[in-house]
Amino acid sequence: DGGITQSPKYLFRKEGQNVTLSCEQNLNHDAMYWYRQDPGQGLRLIYYSQIVNDFQKGDIAEGYSVSREKKESFPLTVTSAQKNPTAFYLCASSMVTEAFFGQGTRLTVV
Amino acid sequence: AQSVTQLGSHVSVSEGALVLLRCNYSSSVPPYLFWYVQYPNQGLQLLLKYTSAATLVKGINGFEAEFKKSETSFHLTKPSAHMSDAAEYFCAVRHMNSGGYQKVTFGTGTKLQVIP
């Protein structure tokens with residue numbers, strides 16, 4: 001079945017550590033997105049990519065990094081520079097109109 | 001900047017009553033508009049979309065929305081609420097930024113509670 005796979009579902013990070021969230025899609029979509037979700041704030045765009053080897057900062061890119069070496073993959077690294085990383089992270093992809101979402105990764109700093 | 005505004009972060013309805021979730025958008029060009037639903041600890045699922053065809057859009061699970069350009073609104077409705085409709089609903093707009101990149105911007109969400 002086609003879809004978007006995010007892993008892991010739950011992730012715990014110690015302060016000062018970098019962690020990488022995985023996002024893979026087999027929908028053959030060109031565009032991919034990372035969003036952060038906090039209670040009462042909706043979804044805020046972190047990074048997005050329209051094609052391989054190209055990506056753009058979203059509204060809250062500070063403390064995050066991404067790569068797009070393959071069409072299918074768009075991993076997100078949460079660096080130690082992100083001061084408040086505890087949140088629910090959602091990856092999405094799209095072709096022409098709507099975006100399709102993965103099931104999310106819940107990151108907690110311990 | 002393109003944006004969407006959802007009025008009411010929480011809405012409560014009785015089972016069997018009308019559901020009305022409000023969304024207003026700002027866009028200088030005809031937009032693509034969407035409604036998504038999210039259940040706890042899950043991703044977002046598309047309910048319906050407006051892509052400049054019919055102004056009344058029907059979606060899954062009995063939901064529909066009407067695009068009203070004069071009011072810049074895209075409100076979501078369902079004639080009769082079911083307990084399984086309890087979830088969080090997001091309105092979203094797809095637009096192109098000044099750099100020619102497609103972006104999807106979301107509202108802050110409305111949590112729907114259905115009272116038995």
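Small disclaimer: the values here were computed from a predicted structure and weren't measured. Here is how names work: the chains are called A, B, and so on, in the same order as the sequence lines, proteins then strands, and each is numbered from 1.
If you chain together hydrophobic residues whose side chains sit under 4.5 Å apart, Tyr48(A) and Val66(A) never meet in one group. Tracing side-chain contacts under 4.5 Å through hydrophobic residues (I, L, V, M, F, W, Y), one reaches Leu44(B) starting from Tyr35(A); they form part of the same cluster. Linking ILVMFWY residues whenever their side-chain heavy atoms come closer than 4.5 Å, directly or via other members, places Met32(A) and Ile60(A) in the same cluster. Under the 4.5 Å side-chain heavy-atom criterion for Ile, Leu, Val, Met, Phe, Trp and Tyr, Ile60(B) and Val37(B) are members of the same hydrophobic cluster. Under the 4.5 Å side-chain heavy-atom criterion for Ile, Leu, Val, Met, Phe, Trp and Tyr, Tyr89(A) and Phe100(A) are members of distinct hydrophobic clusters.
Looking at Gln38(B), the atoms closer than 4.5 Å to chain A (heavy atoms on both sides) all sit in the side chain, from C-beta outward. Residue Leu46(B) touches chain A through its side chain alone, counting heavy-atom pairs closer than 4.5 Å. If you measure heavy-atom distances from Gln56(A) to chain B, the contacts under 4.5 Å come from the side chain alone. Interface residue Asp54(A): only side-chain heavy atoms are found under 4.5 Å from chain B. For a residue to count as touching a neighbouring chain, one of its non-hydrogen atoms must lie under 4.5 Å from one of that chain's; by this rule Thr51(B) touches chain A with the side chain only.
Residues Gln42(B) and Leu90(A) share a closest heavy-atom pair of O-CD2, 4.4 Å. Nearest heavy-atom pair across Arg94(B) and Ser94(A) is NH1-OG, 3.2 Å. Contact record, Phe90(B) with Gln37(A): CZ-NE2, 3.3 Å, taken as the closest heavy-atom pair.
Once rounded to the nearest 0.5 Å, the distance linking CD of Gln41(A) with OG1 of Thr108(B) reads 9.5 Å. Note that OH of Tyr36(B) and CD of Glu98(A) are 6.0 Å apart. Values are rounded to the nearest 0.5 Å.
Here the two rings, on Phe101(A) and Tyr39(B), have centers that are 6.0 Å apart or farther.
Counting heavy-atom pairs closer than 4.5 Å to chain B, the top-ranked of the candidates Gly104(A), Ala99(A), Gly40(A) is Ala99(A).
Legend: residues meeting salt bridge (Lys or Arg N to Asp or Glu O under 4.0 Å) with Arg22(B), ordered by chain and number and at least two apart, are absent.
Listed for the Gln50(A) side chain is a donor-acceptor partner under 3.5 Å among the backbone atoms of Gln102(B).
Residue pairs meeting the disulfide (SG to SG under 2.5 Å) criterion with at least one partner in residues 64-110 of chain A, sequence neighbours excluded, are Cys23(A)-Cys91(A).
Using a 4.5 Å cut-off on side-chain heavy atoms (C-beta onward), Asp59(A) and Lys103(B) make contact. Contact annotation: the side chain of Thr97(A) approaches that of Lys49(B) to within less than 4.5 Å [non-hydrogen atoms, C-beta and beyond]. When side chains are defined from C-beta on, Thr105(B) does not count as touching Leu43(A), because their heavy atoms never get closer than 4.5 Å.
Heavy-atom contacts from other residues, nucleotides or ligands closer than 6.0 Å to NZ of Lys57(A) number 12 or fewer. The 12-atom threshold is not exceeded at NZ of Lys111(B), counting heavy atoms of other residues, nucleotides or ligands nearer than 6.0 Å.
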